[in-house]
Each structure stands twice: as structure tokens, then as C-alpha cells.
> 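Structure in C-alpha cells, see below.
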Amino acid sequence: MNQHFSTLTLDHAGLGLPPGRYALPSEAAARFHAQTAGLDPEPFAAHLLEHYTGKRPVTELTEAERRFLRGELQEQVDEWRQAALDYFDAHVPLRFAKAAPDAVARNWAGRVAAAPHDTRSLLLAGPVGVGKTHYAFSALRAVAETGSTVRWQAYTAANLYAALRPRDDRRADADYESIAHAPLLFLDDLGAAKHTEWAEEVTYRLVNDRYERCLPTIFTTNVVPGQLGAAVGDRVASRIAEMCERVTLKGADRRKKVAA
Ligand SMILES: Nc1ncnc2c1ncn2[C@@H]1O[C@H](COP(=O)(O)OP(=O)(O)O)[C@@H](O)[C@H]1O
Ligand SMILES: [Mg+2]
């Protein structure tokens with residue numbers, strides 16, 4: 001049986017593990033492990049409990065204690081990673097299933113996994129066909145590879161507006177909230193759909209809700225810098241500018257290369 005402690009007291013960095021809600025090995029499990037390893041179970045278990053409660057830093061655990069703890073927690077990371085990759089494979093559109101992250105995407109993903117509310121969102125900008133959607137899914141894969149338990153949803157702006165069309169049913173608010181409050185959202189092709197007052201209002205509500213809650217979002221757009229306000233409204237553009245790191249993708253239209 002594992003006990004659940006607040007993981008705030010666990011020194012993830014010291015143990016070389018990503019932050020997460022770990023089930024920490026119980027006192028009984030620690031004693032049992034020490035016994036089978038031929039170690040004195042009393043200090044072994046006591047040191048671990050002291051570590052869980054913040055009274056003993058990683059540096060004051062013995063090598064055997066550290067190894068036991070890291071091993072138990074690593075098993076959980078491996079399970080989370082597998083579950084996250086399964087989720088990715090089940091939800092990624094086939095065309096982008098093999099998208100592989102670069103160093104920038106991995107770096108961003110690592111920060112999202114470690115501190116989703118303290119990591120700036122991502123704005124991927126560039127002309128049509130340059131690889132924005134591909135890049136966004138590669139970043140979502142990179143998040144999964146960290147073993148993060150944060151799950152994503154993806155919508156093109158056009159599909160988002162279709163999903164949130166005004167309608168007279170009681171699920172409309174719940175549908176909106178499940179998207180607006182998704183722990184990680186990918187909103188593709190912002191500013192590409194026809195600009196209407198209604199679309200601007202929905203976009204504003206959604207972006208503002210995520211802005212206020214510090215929820216990480218990946219946006220892509222082919223609107224050139226300086227024109228986003230005209231395309232999606234100044235209130236949206238100003239929040240996106242503040243909440244995002246901008247990655248500009250350059251190059252030729254990859255779709256034309258295929259056609260040529
Ligand atoms: N880094 C890449 N490696 C291989 N294929 C890519 C890469 N980036 C994009 N592609 C492919 O190029 C095409 C256009 O990419 P896409 O992401 O849809 O462009 P955009 O969203 O910018 O219009 C897609 O078929 C995509 O799979
Ligand atoms: Mg695209």
C-alpha cells in the first residue's frame with residue numbers, strides 16, 4: 001500500500017524526476033525493501049518519512065535510500081508516459097502522427113509539464129504550408145514524452161466555432177467549458193476563419209478565460225505580426241501577445257513541394 005503525501009515536499013529535481021502527484025512508497029514498503037536488501041530497516045524507513053515531510057533533503061539520504069525512492073517513482077513516470085503517449089496516438093490526426101519535436105518544442109514541453117501555470121503559451125506563426133500544425137502536434141507529443149498527466153484537446157478555429165454555435169440546449173455551457181478550461185489546448189489557424197462579431201466574441205471569451213486561469217495554449221496563425229488585431233480583434237491579440245512565446249516558422253509551402 002502506498003501513502004499519498006503532498007508532493008510539494010518531494011525534491012523532484014534532486015531525485016532527477018519530473019514533478020507530479022506521486023504515490024510515495026509507504027513505511028512498510030521501505031522496511032520490507034531494506035530487509036530484503038540486508039539493511040537496517042529502522043533508519044531506512046525513518047529517513048524516507050523525514051524526506052517526505054521536508055525534514056531531510058535528498059543529499060542526506062543514503063545512496064540505497066535514494067535509489068529505492070527513485071526506482072519506485074520512476075515506475076510511476078514510466079506508466080504516466082505510456083498513458084500520455086497512448087492518449088496522443090489515439091487523438092492525433094493521422095497526418096501528424098509521426099511529428100517529431102525539435103529542441104525548442106521539447107524545452108517548452110518540459111516547462112509545461114513541470115509548471116503548466118507558469119509557462120507561457122505558444123504562438124506558432126508563419127505562412128500557409130510551412131508546418132505550423134505539424135509543429136504544434138510535435139510539441140504535444142513532447143509533452144506526452146515527459147510523462148505529464150496534462151491532457152490536451154485540439155481544434156481548428158473553424159471547428160471551434162462550429163462546436164460552439166449558438167444553440168438551445170443545456171449542454172452548450174458544459175461544452176464551452178470543457179474546451180475553454182482544457183488543461184492544454186491547441187487552437188489551430190486562428191484568424192483564418194471569416195471574421196464575424198460573433199466569432200470575435202467567442203474567441204475573446206475563450207482566450208480571456210485561459211488568460212485569466214494561466215492555462216497553456218498552442219495557437220497557430222498565418223496572420224502576419226501586426227495584423228492579428230485586425231483578424232481576431234484587439235482584445236484577443238493583446239492577450240495572446242502577453243501570454244505567448246512566439247515561434248516564427250519560415251520556409252516554403254511544404255504542400256507545394258509534394259505537388260511539384
Ligand atoms: N518538419 C516536418 N517534417 C516533415 N513533414 C512536415 C514537417 N512540417 C510539416 N510537414 C508536412 O508538410 C505539410 C504542411 O504542414 P502543416 O503543418 O499542415 O502546415 P501549416 O499548418 O503551416 O499550413 C503536411 O503534410 C505536414 O505533414
Ligand atoms: Mg495548419
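We count ligands from 1, going down the list as the structure has it; atoms in each ligand are counted the same way.
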> Any nitrogen or oxygen of Tyr135, side chain or backbone, less than 3.5 Å from one on ligand 1?
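N/O-N/O distance below 3.5 Å does not exist for this pair.
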
> Compute the minimum heavy-atom distance from Gly129 to ligand 1 and say whether it is under 4.0 Å.
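So Gly129 counts as touching ligand 1.
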
> Considering only heavy atoms, which of Lys132, His134, Lys98 lies nearest to atom 1 (N) of ligand 1?
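Shortest heavy-atom distance from atom 1 (N) of ligand 1: His134.
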
> Do the side chains of Pro101 and Glu145 get nearer than 4.5 Å, heavy atoms only?
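Contact flag for Glu145/Pro101 side chains = yes.
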
> Could you tell me, atom by atom, which parts of ligand 1 come under 4.0 Å of a heavy atom of Phe96?
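Selected atoms, number and element: 17 (O), 18 (O), 27 (O).
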
> Can you find a pair of side-chain heavy atoms, one from Pro183 and one from Val150, that are under 4.5 Å apart?
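Side-chain contact under 4.5 Å: yes.
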
> side-chain hydrogen bond (donor to acceptor under 3.5 Å, both in side chains) between Arg235 and Asn208: does it pass, once the steps are laid out?
CA-CA 9 Å; Arg235 296 172 304 168; Asn208 189 55; over 6 Å; no

> Would you mind running through ligand 1 and noting each atom that sits below 4.0 Å from a heavy atom of Thr133?
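Answer, ordered by atom number: 17 (O), 21 (O).
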
> For the pair Trp80 and Tyr22, name the ring-plane relationship: parallel under 30°, tilted 30 to 60°, perpendicular over 60°.
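Rings of Trp80 and Tyr22: tilted, 30 to 60°.
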
> Run the numbers for me: atoms of ligand 1, each under 4.0 Å from some heavy atom of Arg95, listed by number.
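Answer, ordered by atom number: 25 (O), 27 (O).
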
> Would you say Gly131 and ligand 1 have an N/O pair spaced under 3.5 Å apart?
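So ligand 1 has an N or O lying under 3.5 Å from an N or O of Gly131.
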
> At what distance, to the nearest 0.5 angstrom, does CG of Leu61 lie from CZ of Arg66?
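Separation between the atoms: 6.5 Å.
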
> Do the side chains of Glu242 and Arg239 get close enough for a salt bridge, i.e. N-O under 4.0 angstrom?
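No salt bridge links Glu242 with Arg239.
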
> Can you tell me if an N/O/S atom from Thr220 lies under 2.8 Å from the Mg ion (ligand 2)?
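Under 2.8 Å: Thr220 has no N, O or S contact with the Mg ion (ligand 2).
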
